[in-house]
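Below is one structure; the comments refer to it alone.
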Amino acid sequence: VQAGDNQTFTKVLVDTGSSVLWVGAQEPYKPGLGTQDLNQTFSVGYGIGSARGAAYYDTVQIGGAIATSQIIGAANETVGFDLNRPFDGILGLGPSKSNKGEVSGFQTTPTFVETLFAQGKIQQPVFGLYMQPLDNAGTADGSGEISFGGADMNHINGDITWIPQNPPLNLHWEFNISGMTFGSVVSNVKAYGRTDSGVLGLEIPTDEFFSILHSYNGTLDTTPGFEGFLSFPPNSSSTLPSLTITINNTEFTITPSQYLISPELYPRLNMTANVLHTWICPAGPNAFNLGQKFLEKVYTVYDSEWRVFIWVFFVVLILVYKKVANNRESWDNDKNSAFLAYVTGTSGVGFAHTRDSV
């Protein structure tokens, strides 16, 4: 993230579970020539910590995307973040209007994607997210990618499965999940799901979590930071099944090698070797929270809700005009266009298998 006084913040976390951009956790943010002091503050709470400080308008560049008058937070206090490596800040990419009250003086503030769209820098308020899988040592072989304005098909194998976003639209990227299978544990009950690139674990419904625990001689992990995660007997890896999650009739499979924590990471995570540790934990009743370990195997695309009204209203105006003009041929043709515009404009999340997962 380039901002401030010609500064580049190279370790900014990407978080689809929050909606404020802030920096300064390591190197302090310094206002530059294009900075406008709002005389306001920001304050954001997360599951593992919080950040607060001053808020500014600034020109912000991420890769080749440049947004002017973007609200950015300059942290002067961070609390509770206990990460293996230091980071510079967080790029919040949650749904539109999901940051109510987090910047003083504003009801809500636009995300980086919303600002790009409003300024005509991208044609659609859409972004695609590719998270590079980590190897057994916890190191990424290559780089992840954010694609502003659409999906990068170079990372996708097959089609994108689109699913509508559940209301209220201004809280989370939330949608319905139609099923889950873990060997003998099968659930076809509709559950609520959300993606959150800001969390590490793969969170599944509580009932299914404990069914797996009892069916496969599991136990609750007691490692600090992983309390309540699922663990298995030390010699059971060859008998464990894959975890399959079904989203809109498309199955996404996480193999044991992907949900088991590599023993190479045990020393760094202060884990003992008397059990097999996993990234799986409970999300609550009938709920999934699909964090990094799921997103490493799935390409996701996020479509903001308010494009629906822009596209549909515009198309309806065209259709009404042409119907009044009795241009029957154009009317018939544009009815199909209107349907496509409505479908592609519906607020929601898209899922696709990555080329890495094949």
Side-chain angles (χ1 to χ4, degrees), residues 13-17 46-48 81-85 129-141 144 177 180-183 185 187 191 193-213 215-234 236-245 247 251-284 287-300 351 353-354 356-357:
L13 302 181
V14 177
D15 183 19
T16 59
Y46 303 90
I48 59 171
F81 295 104
D82 184 17
L83 302 179
N84 190 49
R85 297 178 182 177
L129 182 62
Y130 169 71
M131 301 192 74
Q132 179 68 32
L134 304 181
D135 62 21
N136 289 337
T139 303
D141 181 17
I177 291 181
M180 187 203 85
T181 301
F182 188 94
V185 178
S187 174
R194 65 178 63 160
T195 60
D196 189 347
S197 62
V199 301
L200 192 59
L202 204 172
E203 303 177 24
I204 64 175
T206 300
D207 287 349
E208 285 73 12
F209 175 88
F210 282 103
S211 292
I212 294 172
L213 184 145
S215 298
Y216 291 88
N217 299 316
T219 56
L220 295 178
D221 206 324
T222 59
T223 304
F226 290 84
E227 296 95 337
F229 278 60
L230 185 62
S231 59
F232 294 109
S236 62
S237 60
S238 62
T239 63
L240 293 174
S242 295
L243 169 64
T244 299
I245 296 173
I247 302 174
E251 295 183 345
F252 296 92
T253 298
I254 310 298
T255 65
S257 64
Q258 293 161 358
Y259 65 70
L260 289 172
I261 298 176
S262 168
E264 293 182 47
L265 289 175
Y266 287 7
R268 292 169 59 183
L269 299 176
N270 297 316
M271 291 178 165
T272 61
N274 61 326
V275 295
L276 294 178
H277 302 270
T278 78
W279 301 109
I280 300 173
C281 57
F288 288 82
N289 193 20
L290 306 178
Q292 179 180 331
K293 302 313 294 184
F294 177 83
L295 297 174
E296 286 177 4
K297 304 306 296 181
V298 177
Y299 188 93
T300 48
F351 295 83
H353 293 284
T354 65
D356 300 319
S357 63

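The figures that follow rest on heavy atoms only: side chains count, while hydrogens, waters and symmetry mates do not.
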Should the pair F351 and F252 be assigned to parallel (<30°), tilted (30 to 60°) or perpendicular (>60°) ring geometry? tilted
Using the six-membered ring wherever Trp is involved, compare the ring planes of F182 and Y259 and label them parallel, tilted or perpendicular (cut-offs 30° and 60°). tilted
Between [X] and [Y], which heavy-atom pair has the shortest distance, and what is it?
| X | Y | value |
| --- | --- | --- |
| P234 | A273 | CB-O, 4.4 Å |
| L129 | Y299 | O-CD1, 3.7 Å |
| Q258 | W279 | O-CD1, 3.6 Å |
| A283 | A287 | CB-O, 3.3 Å |
| S197 | V14 | OG-O, 2.8 Å |
| D196 | T16 | CA-OG1, 3.3 Å |

ring-ring contact (aromatic ring centres under 6.0 Å, His included) partners for Y266, two or more places apart: H277
Before you tell me yes or no, could you show the steps for T219 and S231 under side-chain hydrogen bond (donor to acceptor under 3.5 Å, both in side chains), namely the whole-Å CA-CA distance, both residues' side-chain angles and the distance that decides it to 0.1 Å? CA-CA 5 Å; T219 56; S231 59; 2.6 Å; yes
Are [X] and [Y] packed together at the side-chain level, in the sense that at least one heavy-atom pair is separated by less than 4.5 angstrom?
| X | Y | value |
| --- | --- | --- |
| T278 | I261 | no |
| I212 | L230 | yes |
| T223 | T272 | no |
| I254 | I245 | no |
| V185 | F209 | no |
| T354 | Y130 | yes |
| P256 | P241 | no |

Donor-acceptor check, side chain of [X] to backbone of [Y], threshold 3.5 angstrom: yes or no?
| X | Y | result |
| --- | --- | --- |
| T239 | S236 | yes |
| T244 | M180 | no |
| E264 | S262 | no |
| T195 | L290 | no |

No-hydrogen, no-angle side-chain donor-acceptor test under 3.5 Å, S187 and E208: yes
Please lay out, stage by stage, how N217 and F232 fare under the test side-chain contact (heavy atoms from CB on, under 4.5 Å). CA-CA 7 Å; N217 299 316; F232 294 109; over 6 Å; no
Residues passing the side-chain contact (heavy atoms from CB on, under 4.5 Å) test with Q292, sequence neighbours excluded, are M131, L134, L200, E296
Sorted by chain and number, sequence neighbours left out, side chain to side chain donor-acceptor pair (under 3.5 Å) with S257 holds for T255
Measure the spacing between CZ of F294 and CD of E203 and express it to the nearest 0.5 Å. 13.0 Å
Nearest 0.5 angstrom please: T222 OG1 to M271 CE, how far? 9.5 Å
Please report the C-alpha distance between F288 and R194 in whole Å, then the side-chain angles of each, then the deciding distance to 0.1 Å, and finally whether the side-chain contact (heavy atoms from CB on, under 4.5 Å) criterion is met. CA-CA 6 Å; F288 288 82; R194 65 178 63 160; over 6 Å; no
